[in-house]
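All remarks here apply to the structure that follows.
Values below: every heavy atom of this structure, side chains too, minus hydrogens, waters and symmetry copies.
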Amino acid sequence: MTSDKTWPSEAEIEAQWLALAHGTLTREQVHEWTMPWVEGDGAGWHSGLGHVENGLQTLHGFSMAYDPATPHLIHHGPPGVYVKSREDIVAELARWMEER
């Protein structure tokens, strides 16, 4: 994450999550959106941002899929069968929102 990239708000994370749950955004689009904070230069746990970071990490992981060539391995998909179902995505959103 570069220094000019600010952390998203809980509302922005929720909007991405809802778009994913409703099929407006793909898992890969949401994964791409989370990358600056999860994989970028400034990635890592920051005091006071725990709930935001937890949401970003969870969203980032929804693109994980079983690798068709080696089914015992997972990767950020596709191809393959996603590790988390659409129902899991909705349930994780409800859990994340309860933790506020």
Side-chain angles (χ1 to χ4, degrees):
M1 180 178 67
T2 60
S3 60
D4 62 336
K5 187 75 172 174
T6 60
W7 288 87
S9 67
E10 289 182 358
E12 290 171 304
I13 293 170
E14 182 180 346
Q16 291 283 317
W17 213 317
L18 287 169
L20 175 60
H22 294 296
T24 308
L25 292 174
T26 67
R27 294 168 192 248
E28 291 70 36
Q29 288 171 313
V30 172
H31 174 87
E32 181 82 19
W33 181 78
T34 65
M35 284 179 62
W37 302 285
V38 176
E39 298 180 24
D41 294 340
W45 202 253
H46 297 273
S47 179
L49 293 173
H51 194 248
V52 166
E53 288 182 308
N54 180 275
L56 289 167
Q57 289 283 347
T58 303
L59 282 174
H60 185 265
F62 287 141
S63 67
M64 297 302 291
Y66 295 103
D67 186 334
T70 51
H72 60 285
L73 297 177
I74 59 174
H75 64 110
H76 286 285
V81 175
Y82 289 113
V83 173
K84 299 283 187 171
S85 68
R86 180 124 359 240
E87 292 80 19
D88 293 332
I89 292 169
V90 172
E92 288 290 317
L93 172 60
R95 179 198 54 77
W96 182 77
M97 290 176 70
E98 285 178 9
E99 292 175 351
R100 286 185 182 174

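- When side chains are defined from C-beta on, Q57 does not count as touching W37, because their heavy atoms never get closer than 4.5 Å.
- Among residues two or more places apart in sequence or in another chain, the salt bridge (Lys or Arg N to Asp or Glu O under 4.0 Å) test is passed with E87 by none.
- Note: the hydrophobic cluster containing V38 also contains W7 (ILVMFWY, side chain heavy atoms under 4.5 Å, direct or indirect links).
- Shown here are the ring-ring contact (aromatic ring centres under 6.0 Å, His included) partners of H76, two or more places apart in sequence or in another chain: H31, H60.
- In this structure the side chain of W33 reaches within 4.5 angstrom of the side chain of L59, judged on heavy atoms.
- In this structure, the side chain of N54 does not engage the main chain of H51 through any donor-acceptor pair within 3.5 Å.
- Here the closest non-hydrogen pair linking P79 and P68 is O-CD, 3.7 Å.
- Heavy-atom minimum distance, F62 versus R27: O-NH1, 2.9 Å.
- Cluster membership check: V30 does not share its hydrophobic cluster with M64, using side-chain heavy-atom separations under 4.5 Å among Ile, Leu, Val, Met, Phe, Trp and Tyr.
- Side-chain heavy atoms closer than 4.5 Å link hydrophobic residues (I, L, V, M, F, W, Y) into clusters, and following such links, possibly through other members, connects V52 to L93.
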If you look only at distance, which donor and acceptor atoms sit under 3.5 Å apart when one is on a side chain in residues 13-21 and the other is two or more places apart or in another chain?
from	atom 1	to	atom 2	distance (Å)
E14	OE1	R100	NH2	2.6
W17	NE1	I89	O	3.1

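- The side chain to side chain contact (heavy atoms under 4.5 Å, CB included) test applied to P71 returns no partner, not counting sequence neighbours.
- A salt bridge links R95 with E92: at least one charged nitrogen is closer than 4.0 Å to a carboxylate oxygen.
- Partners of Y82 according to the side chain to side chain donor-acceptor pair (under 3.5 Å) rule, which considers only residues two or more places apart in sequence or in another chain, are E28.
- Across every non-hydrogen atom of D88 and V83, the tightest pair is OD2-O, 4.3 Å.
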